[in-house]
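So you know, we letter chains A, B, ... as the sequences are listed, proteins then strands, and number each from 1. Note that these values count all heavy atoms, side chains included, but never hydrogens, waters or copies made by symmetry. A quick note: this is a predicted structure, and the numbers were derived from the prediction, not measured.
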Amino acid sequence: MEAIFFQILVGLSTAMLYWVVSVGLTFIFGVTRVLNFAHGSFYMLGAFFALALFKWTNSFVLSIALGSLAVGVVGLLCERGVIRFTYSLPVAFQLVLTFGLVLIFEDLVRFIWGSVPQMIRPLGLGVVTIAGRRFPIYSFVIMGTGLFLWIILYFLLLETKLGLMIRATISDIELAMANGINPHLLYAFSFFFGSFLAGLGGALTLPMCSASLGMGERIIIYSFIITVMGGLGNIKGAFMSSLIIGISESLCAFFMPSLTIAISYVILALVLVVKPEGIYGEA
Amino acid sequence: MERLSNKFLFFVLTSILLLTFALPLLSGAYTNYIIIKISILSLYAVAFNIMFGYCGLLSFGHAIFFSASAYTLGVSLTKLNLPIFVALLAGLLTSVIFSIIVGFLSLRHKEIHFAMITLALSMLFWGVVMKWRSVTGGEDGITGISRSISMIAYYYICIITVLSCLFIIYKIIFSDFGLLLEGIRENEIRVEFSAHSVVKLRMLAMIISGLFTGIAGILWAFLDGAVTPTIAHWSFSAVPVIAALIGGPQSFVGPIIGTIVYVIAEDFITRFTLYWQIWLGIVVVLIVLFFRGGIVGTIAKVVSEFYHSKLREKYREREN
Amino acid sequence: MREAIEARREFLKKLGIVGAGVVVCGSLGLPKAQASSRKRLKDKIKIGHIAIFSGPFGTYGELQKRGSMLAAEEINKVGGIQGSKVEIIYKDSRAKPAEAVKQVRRLVESEGADFIIGIDSSGVVLGVAQVMPELKKLLIVTHAATHKLTEELVYKKGNKYAFRLSVPTYQDGTMAAITAAQLPAKRWACVHPDYEYGYASWELFKATLKKLRPDVQFVGESWAKIGTTDFKPFISSILDKKPDGIHTVEWGVDLFTFVRQAKEMGLFDAVRYKDGYAWINPMGYSIDAMEALKKEYPEGCWVSGRYLWQYPPTELNEKFVKAHYRRWGHLPAYSGATSYTAVYLIKHLIELTQTLDVETHIKTLENLAIYSPIGEMLIRKEDHQAIYDVPFGQIKHDPKFPIPVLKNFLGMPAYMYFRRPPFTETPPYTGYPPFMSL
Amino acid sequence: MFFRVENLTKKFGEFTAVNNVSVSFEKNVITAIIGPNGAGKTTFVNLCSGLLKPTNGYIFFNGEDITNYKIHKRASLGIARTFQIVNIFQGLSVWENVKIPLLSRKNTRDIDNTITKLLTFFKLENIRYTTSSEISHGDQRLLEMCMALALNPQLLFLDEPLAGINPQDRGVIIERIVEMKRSGITVIFIEHDIESVLKMADEIIVMHKGEIVAKGPSSSIKENDFVKEIYLGGC
């Protein structure tokens, strides 16, 4: 019983990382209706930026903050430079365009940082003992960030004028435009914010694992699964499905380790076949 | 205009055809190999485009049909030692069965939901392929699928098979059935009100698409003599998507052009640099940005505009 | 030097294996004058090198490239192979079999490669080896470890065109188990990557260890897919099984993550014994892992590789390690060393046979004894596997070196733990345990 | 009874669009459904044609319970319809537009002749190869009716067939509708323009707030006080 509890706790920390990254994708989709395949690349960039900044500033908090902001700027530049020209095209074209961006970012990173995965020294936050097992304190940092983000997003969407604009745009773009909302400003902001979150996720993983090529490809699939499962563009849905995927993977690793590879696809397929619009429906 | 472009197209196609058949006599083995690859992937892309271009359904699950037939063939030949015709039939049958299953689960849904369900099913299938090691060989896949004929002979077999498949697909698309599919893409509800079951029509399209994808899968399995899980992975489902979008999903030749452009660009780039991704990425981005709606669509538009402006000039001259 | 080789050859003869010849792979090769006096066979000898250059395992291409490029530079500096320059063409396999096959075809059919070397993963090597008979060129594998290549493709199906200079999964499974048998641990568990290499290694490990130590138990298995960034669920579920020994063949970037998280969650502490950790990581001493983890990899873990820069302590190896360090600023990785050897092997093969005829090459390579930085190898005729031993050692943090070094080597002659044709019996063979004195 | 609904109810959340409607239609009669905006007329037609599923109630056609039949099944039984906003295949030619419903017939041998006949009936034969998005709005209305007719229906729903048509073109459409009745088709249509309604309809149904408030021959409906008050009041 204790083991299962611990496994769920471990799953929670995984889930929160998935949530931070995939809510960025969800947010971008909700506002712009673009499925951004390059989101994973932004995640990778977040890790590499933070790595470079850490070597320079030697401060983890500073490098995470600056690194993810820098990724936000890269996202903004991509949107202004390339993606915005494809808003009028069907979703599939944007997928292919952002796939092209993925290829470009992969090689740029390889060119700048080389292909050897890199690590920073561990933060040395230590562990706490829960249910007779050791649990890294850093995982609490990730969980805290995730929950904090949840609160911030709620605040942002419900209480601020920007949130109102965003909700208006999500529900009806034409009406929003008629009411004097400049959608391009909002699109640009959503890409900045979404990419910032991807970068934040990437930077947050740095003390746990390494900055490596191809790390974006692994996370993008999870982000897609979570975004689709929760309901495209639905932030609440993204939160719930992050939890489902994170915890079920963790439990699967305990009960049926050899099936962990497929569990998230099984869940996704089941959810979609029963409820194609996702758990909470499309925003 | 229509007539002219048709004649031109006919001329181009015939010369390409003749060249393709004469090529093994003129060029090196590698060129032949690449042409086989292009032809197989073209068939894959065109078969995929039955769903995408004509039904308006973006499938991310065609790797299932592709790998289902390839794996069935591989297993029947190397593990069960069945005769080749039985293996071929079994392969195609598996593709059809899987297209029915996938269709049954996904066809009620549309747009991005359809894409995502097919993606999920495709990854599920990939998981099975990876895990069912006693049959599929896991990550290593199945090797030793013997083609037992020379590459040149195989070249002709591939070209002829692909061309006849393309011809059949062409006939299907420009038949009444194709008109109905186009109708579905245009206006689904109207098709329903015209007393056609959209789901049934789509299912039929899915089966046809799956069948031809299966044929491509079989040709692929024989080409390298090996089947590995990479062809079941979602990224292999993305291959025809990219081809169709680059070439132009609204036309029959679009996916073929897309495949040719992509394969040749990739081949050209990897010849010179290990940093192939960045160049390929730039090519893809530029094509999406500057050939909006695909190469074929854009070229057709430019040509027709050119033609119209010529006409206008003529009128102006006459007026003057 | 010569005497040493001759002695080695005598030793091999005693084993009943008649070597067709002995070549020296490395910068101690044949004198320059002798080489250039022979006729030039070709303007340029082209070697196609296929490895993973992009994606998460792109490092492995880079590491191999360092080896083969160094060898080519050294050879070209002294006049190439009988006056022909060596050119190495690098291609990215992307870890995809079909892509690798395409690149091999292009190298041979369009770019005029005379040999193919490299290749990283088992699926890719099986795919590529299969087309070699059609292309009629030699394939010298320098990294991929699957024993299916040598046991099934070469031995059972008679594919004569593939050779392997790197150790197969015998190192990851059999030798790992032999090392494990020396440790007090009795409850073994594994954390493996979820694909063929993981399964094969674990099966060999279990079979061998059970034979040597009937008292051990295998208490848990954990299969993490390639590219896992969060090993915590796997580690905690393994910890729950209360193992006192861990066998893991994680490699590359996954290994970095795994070690870091295992340390945090106390998996190392669980397998501690008085002289170190009952932690067997056959590919742990990979240069990329050591450079990334440095002191994070706990002292006292048992690790190995397909070659260790400290072993064998020969002049040839020392020269190679120094040259490699001078050229690249890094110590050589195992796949770098095998690639280096492969290029030299090609040089000597051509000089020995005076031809580019592949059939002659195959005949010459079979039962050839090679003296290389990796050690003395014999290419076994039946399965085309280079037989050489790589010991296990315990990690030791030594401030004199940029990365951790290995101590307390534990090794065994390769012919005792490599499986032998017809590949039915579980090694180790007769006379266990005659450990090599190092 | 030719076409009959029983206790038909449709709720959208709290809002009841069609409330417990029971009504029957005779064969070969043109019935008009009138009523103010939001009376539930279109919802009623949508329920009958299968576009919406009723919350409650039954629909019978030729004595058969078709409540749970899908759209295409109803269409093949002979229930056709047009829409308030023209609903045709915009990207296809006029000819192809008519061909699609015809392809659902069992016997497709004489299809080209049938298309020509239909197009001639609606005076569309001169623009048969034009892409339908490029023809005039009135012609698009006619085309949609033509497509409905191609199903060889017994029952035809027309949702505001005159919407957006300028007065001089209305005559053609009205003429066609009356002619359809003559060839044995039962027509049920929604219309706001009361003059045209009176020209065409034999029977009139008045809907208000989801319920049928009056039903009867057009002459008597005109005299209905309730109708005068809520609908015809202005006239």
Side-chain angles (χ1 to χ4, degrees), chain B residues 27-34 36-38 40-41 67 70 78 126-127 130-131 133-134 136-151 154 220-221 223-231 233 235-236 239 263 266-278 280-281, chain C residues 49 51-55 58 61-62 65 89-113 121-131 133-135 144 146-149 152-153 156-157 159 193-200 223 225-226:
Chain B
S27 72
Y30 179 67
T31 317
N32 299 341
Y33 178 77
I34 280 295
I36 297 178
K37 233 174 195 183
I38 288 177
I40 295 172
L41 291 177
S67 51
T78 60
W126 176 80
M130 287 288 282
K131 281 286 148 196
R133 291 170 55 221
S134 55
T136 62
E139 167 99 4
D140 285 350
I142 297 168
T143 45
I145 302 166
S146 163
R147 158 159 46 83
S148 70
I149 47 170
S150 77
M151 201 51 142
Y154 193 62
W220 180 276
L223 178 61
D224 291 337
V227 190
T228 51
T230 35
I231 60 165
H233 195 251
S235 53
F236 201 76
V239 168
V263 172
E266 199 182 13
D267 199 70
F268 185 75
I269 292 164
T270 49
R271 200 168 273 262
F272 295 109
T273 173
L274 281 176
Y275 286 93
W276 55 274
Q277 294 180 93
I278 189 163
L280 194 62
Chain C
H49 192 156
I52 306 174
F53 283 97
S54 59
E62 219 44 58
K65 192 177 167 186
I89 310 168
Y90 295 96
K91 295 288 180 210
D92 185 2
S93 76
R94 308 179 201 177
K96 287 182 184 164
E99 178 65 25
V101 169
K102 187 184 114 179
Q103 299 294 359
V104 168
R105 283 186 181 276
R106 176 154 87 193
L107 282 167
V108 173
E109 291 174 344
S110 165
E111 302 187 2
S121 83
S122 65
V124 173
V125 84
L126 294 175
V128 169
Q130 196 173 234
V131 299
E134 192 185 327
L135 298 175
T146 177
H147 56 273
K148 276 191 199 164
L149 173 72
E152 281 173 28
L153 227 57
K156 289 199 185 122
K157 295 193 181 152
N159 182 335
D194 194 357
Y195 74 113
E196 293 309 302
Y197 170 57
Y199 310 136
W223 304 97
K225 66 168 161 282
I226 296 182

**Q** Take B/Asp267 and B/Tyr30 through the test side-chain hydrogen bond (donor to acceptor under 3.5 Å, both in side chains) and record every step on the way to the result.
**A** CA-CA 11 Å; B/Asp267 199 70; B/Tyr30 179 67; 2.5 Å; yes
**Q** Would you mind checking which part of B/Arg271 comes under 4.5 Å of any heavy atom in chain C, side chain (CB onward), backbone (N, CA, C, O), both or neither?
**A** both
**Q** Tell me, side chain or backbone of C/Asn159 under 4.5 Å from chain B's heavy atoms, or both, or neither?
**A** neither
**Q** For chain B, which candidate among C/Lys225, C/Glu99, C/Lys157, C/Lys148 shows the most heavy-atom pairs at distances under 4.5 Å?
**A** C/Lys148
**Q** So for C/Glu152, is it side chain, backbone, both, or neither that comes closer than 4.5 Å to the heavy atoms of chain B?
**A** neither
**Q** Where on C/Ser121 is there a heavy atom nearer than 4.5 Å to chain B: the side chain, the backbone, both, or neither?
**A**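 When you check distances to chain B, no heavy atom of C/Ser121 falls under 4.5 Å.
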**Q** Of all of B/Thr228, B/Thr270, B/Thr273, which one pairs up most often with chain C through heavy atoms under 4.5 Å apart?
**A**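 Option with the top pair count is B/Thr270.
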**Q** With a 4.5 angstrom heavy-atom cut-off, could you sort out which part of C/Tyr90 is near chain B: side chain, backbone, both or neither?
**A** both
**Q** Can a donor-acceptor pair be found between the side chains of C/Arg105 and C/Ser110 at a distance below 3.5 Å?
**A**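 Per modelled atom types, C/Arg105 and C/Ser110 side chains form no pair under 3.5 Å.
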**Q** Which region of C/Glu196, side chain (C-beta onward) or backbone (N, CA, C, O), has a non-hydrogen atom less than 4.5 Å from a non-hydrogen atom of chain B, or is it both or neither?
**A** both
**Q** Under 4.0 Å between a side-chain nitrogen and a carboxylate oxygen: does that hold for C/Glu109 and C/Lys102?
**A**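 Salt bridge absent between C/Glu109 and C/Lys102.
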**Q** Heavy-atom distances under 4.5 Å only: say whether B/Thr143 touches chain C with side chain, backbone, both or neither.
**A**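 Both backbone and side chain.
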